[in-house]
Amino acid sequence: MIDPALLRENPDAIKASQRARGADESLVDDAAKADVAWRKALLEFENLRAEQNAASKLVASAPKEEKAALVASMQELSDRVKAADAAASQAQVELDEVLWKIENVVVDGVPVGGEDDYVVLREVGTKPAFDFEARDHVALGELLDVIDIERGAKISGSRFYFLKGWGARLELALMNMALDQASAAGFTALITPTLVRPEIMAGTGFLGSHADEIYYLPADELYLTGTSEVALAGYHRDEIVDLSEGPVRYAGWSTCYRREAGSHGRDTRGILRVHQFNKLEMFSYCDPADAEAEHARLLAWQEEMLQKCELPYRVIDVAAGDLGSSAARKFDAEAWVPTQGTYRELTSTSNCTTFQARRLNVRYRRDEGKTATLATLNGTLATTRWLVAILENHQQADGSVRIPVALRPYLGGTEFITPKVRA
RNA sequence: GGAGAAUUCGCCUAGUGGCCUAUGGCGCGCGCUUGGAAAGCGCGUUGAGUGCAAGCUCUCGGGGGUUCGAAUCCCCCAUUCUCCGCCA
């Protein structure tokens, strides 16, 4: 939710942001109107309630024989209080309805436009030049017996798979390397619940336009999360978080579930787009004044991981129209996928400023002791999808795959996965 | 699955319709005292909304109801604990 104070002080800033996103600008005027109406209704109710409270004290202290008359005279006031209360509640509902529709105010400098209007910030690493016919990760997965897509489909349908042998070990190695790096940077490891209640799903902003992307278990009224961000953001719901020692950071590991309802026919081959995968997610609670700096730190940690995996990648500054509603800015790091001749997203990091925290009521104490809404940020540190880039970029002519040096300690020192070796 | 008990400020706790603008303790903060500390004493210590402000309003797990008036009575929901049953 946007900051109501900003709505009163500088509605034009919100309008400019909506414009940059290609979103509805008129919502801002609607919200301002609803805000005025709500405050008026609230004042009316509070004045009547004050009157009632005062009169109620008289009844309490009145002699018995006068009570009946006093009580009778207060019934009409009581009705008016009830009506005013209902009107104020209704006005607040109407205000919230509009406020929740307005997306987060983008950070200055975010590229204007839609999906294709991203700005490439940098390209890092050298794309591999193969002097043989490169195999894609599906072919490599079969050859090395590390990814079993056929049997995944047999037991669960399309977009499911088994990671097998060195494939399973490679993913665990990747996650462990990421967790070690995160722990060294001060993140607390969390293995999170993947089934959450509706209000948590709504509070994190995932039940909006993308609700059909989410698995739902009606018998239990629980949602399967598509990212541990949901649990990590909900973790401190309704709490005052101690930020006196700097940002509070969590590295959340979980399996992620996505229906991929709107992507029929896209990335149907392999494990690039699947219904179930694992992810280690960074999540940071911090002082809003520090949020942009923290965003840069999250991106730096992501790049460190990509470099340790010896992957060529580029970083893009995602355009306003392609941001999620909670994000004020988003950087994606995309790794080169040789057989597709293009970059594919491996990590994404969003600065949600106070937008998400306001919905979930997460605050911190400022130096003066006052409470204020804090900022939340998130970013991918490793996912199953990384295996695609690792397998394809490090493949050799004979179909074996070279393990990046930094990952080897997590695989018992193994340097190559070869077609003959089994885990 | 069944039965019962509970949920009050960071923690523990008092409170059975109006004197609750919620008790007491622990902890924490400030001060007095002290050579310094402990003890002791005094003051403060849930948050939120609105308003320029004084103030007013809300907040006793959440929501609804009864009532002139609800921490207190009723209903629904959540969570925790205990017992019984069933299962690994």
Side-chain angles (χ1 to χ4, degrees), chain A residues 1-11 31-100 192-193 195-204 207 216-223 230-231 234-245 248 285 288 354-374:
Chain A
M1 194 173 87
I2 57 157
D3 186 352
L6 187 66
L7 179 69
R8 287 163 207 165
E9 286 156 21
N10 192 359
K33 249 181 264 169
D35 182 48
V36 170
W38 167 64
R39 283 190 284 170
K40 182 165 172 277
L42 184 66
L43 188 68
E44 267 168 42
F45 160 69
E46 287 187 353
N47 286 340
L48 281 170
R49 175 71 94 191
E51 201 181 316
Q52 185 186 33
N53 284 346
S56 195
K57 268 180 203 159
L58 284 181
V59 175
S61 56
K64 269 206 176 92
E65 57 273 18
E66 289 175 25
K67 268 191 183 172
L70 277 171
V71 164
S73 73
M74 281 174 68
Q75 282 181 4
E76 186 258 355
L77 178 59
S78 174
D79 290 342
R80 280 164 62 209
V81 169
K82 269 181 196 151
D85 189 9
S89 300
Q90 181 57 30
Q92 179 154 37
V93 167
E94 280 164 21
L95 172 61
D96 279 350
E97 225 164 75
V98 196
L99 281 180
W100 279 55
T192 63
L195 287 166
V196 301
R197 298 166 173 286
E199 63 266 29
I200 297 293
M201 209 46 140
T204 44
L207 280 189
Y216 176 55
L217 282 67
D220 301 284
E221 286 188 74
L222 290 169
Y223 290 91
V230 176
Y235 191 67
H236 285 303
R237 186 180 186 215
D238 291 327
E239 291 182 24
I240 297 171
V241 179
D242 183 6
L243 295 182
S244 59
E245 315 262 302
V248 171
Y285 292 88
T354 58
F355 189 88
Q356 195 176 49
R358 189 167 289 107
R359 284 182 166 206
L360 292 165
N361 188 28
V362 192
R363 292 165 294 160
Y364 74 112
R365 215 171 279 284
R366 293 194 304 204
D367 295 337
E368 330 85 79
K370 288 256 185 196
T371 59
T373 305
L374 49 67

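Since we're looking at a predicted model, the values are computed, not measured. Here is the naming used below: chain letters follow the sequence lines, and residue numbers restart at 1 for every chain.
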Considering only U57(B), U21(B), G47(B), which nucleotide approaches the side chain of F45(A) most closely?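 Comparing U57(B), U21(B), G47(B) against the side chain of F45(A), the answer is U57(B).
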Report the nucleotide, chosen from U21(B), U57(B), C68(B), that has the shortest atom-to-atom distance to any side-chain atom of Q75(A).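 For Q75(A), the side-chain atoms sit closest to C68(B).
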Looking at every strand, decide which applies to L43(A) at a 4.0 Å heavy-atom threshold: base, sugar-phosphate, or nothing. nothing
What nucleic acid atoms does R8(A) come within less than 4.0 Å of, heavy atoms only: base, sugar-phosphate, or nothing?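 Counting heavy atoms under 4.0 Å across all strands, the contact made by R8(A) is with sugar-phosphate only.
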Tabulated below should be each protein N or O lying under 3.5 Å from an N or O of nucleotides 7-10 of chain B; please produce it.
none

In whole angstrom, give me the gap between the [atom1] atoms of [N] and [M].
N      : M      : atom1 : value
G24(B) : C84(B) : P     : 41 Å
G10(B) : G62(B) : P     : 13 Å
G40(B) : U33(B) : C1'   : 8 Å
A6(B)  : C12(B) : C1'   : 15 Å
G44(B) : C26(B) : P     : 16 Å
C28(B) : U21(B) : P     : 31 Å
U66(B) : U72(B) : P     : 15 Å
G27(B) : C11(B) : P     : 16 Å

Taking for each residue the nucleotide of RNA chain B bearing the nearest heavy atom, is the 5' side occupied by A72(A) or by E51(A)? E51(A)
Could you pick out which residue, I240(A) or N53(A), lies toward the 5' side of RNA chain B when each is mapped onto its nearest nucleotide? I240(A)
Mind calculating the distance between [atom1] ([X]) and [atom2] ([N]) to the nearest angstrom?
X       : N      : atom1 : atom2 : answer
L58(A)  : G18(B) : CG    : P     : 17 Å
E221(A) : U79(B) : CD    : P     : 11 Å
R363(A) : G47(B) : CZ    : P     : 8 Å
M1(A)   : G49(B) : CE    : C1'   : 12 Å
E199(A) : A78(B) : CD    : C1'   : 9 Å
D85(A)  : U66(B) : CG    : P     : 13 Å
L42(A)  : G51(B) : CG    : P     : 9 Å
R39(A)  : U57(B) : CZ    : C1'   : 16 Å

Just verifying a value: how many Å separate [X] [atom1] and [Y] [atom2], rounded to the nearest 0.5 Å?
X       : Y       : atom1 : atom2 : result
Y223(A) : I200(A) : OH    : CD1   : 12.5 Å
D242(A) : Y364(A) : CG    : OH    : 12.5 Å
E199(A) : L360(A) : CD    : CG    : 10.5 Å
R363(A) : E239(A) : CZ    : CD    : 10.5 Å
Q92(A)  : D35(A)  : CD    : CG    : 10.5 Å
M74(A)  : E51(A)  : CE    : CD    : 9.5 Å

With sequence neighbours left out, the residues meeting side chain to side chain donor-acceptor pair (under 3.5 Å) with R359(A) are none
Measure across [X] and [Y] and return the closest heavy-atom pair with its distance rounded to 0.1 Å.
X       : Y       : result
A91(A)  : A41(A)  : CB-CB, 4.2 Å
A202(A) : W100(A) : O-CZ3, 4.2 Å
P193(A) : A231(A) : O-CB, 3.9 Å
A357(A) : T373(A) : CB-CG2, 3.7 Å
I2(A)   : R358(A) : C-NH1, 3.4 Å
Y285(A) : L374(A) : CD2-CD1, 3.7 Å

Could you check L195(A) against D220(A) for side-chain contact (heavy atoms from CB on, under 4.5 Å), going step by step and ending with a plain yes or no? CA-CA 10 Å; L195(A) 287 166; D220(A) 301 284; over 6 Å; no
Once side-chain contact (heavy atoms from CB on, under 4.5 Å) is applied, do any residues pair with N10(A), and if so which ones, sequence neighbours excluded? L6(A), D12(A), A13(A)
Taking Watson-Crick and G-U wobble contacts under 3.5 angstrom, with | marking pairs to another strand and [ ] crossing pairs, the secondary structure of RNA chain B is written ((((((((.[[[..)..(.....]]]((((((.......)))))).((((....))))..[[[[[..)....]]]]])))))))....
Under 3.5 Å between N/O atoms: give me all the protein pairs with nucleotides 60-64 of chain B, atom names plus distance.
none

Show me the protein contacts with nucleotides 69-74 of chain B, counting only N or O atoms at under 3.5 Å.
| from | atom 1 | to | atom 2 | distance (Å) |
| --- | --- | --- | --- | --- |
| G69(B) | OP1 | S78(A) | OG | 3.1 |

Does A78(B) have OP1 or OP2 under 4.0 Å away from a side-chain N or O of R197(A)? no
Are R80(A) and L77(A) side-chain neighbours, meaning at least one heavy-atom pair lies under 4.5 Å?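 Yes, side chains in contact.
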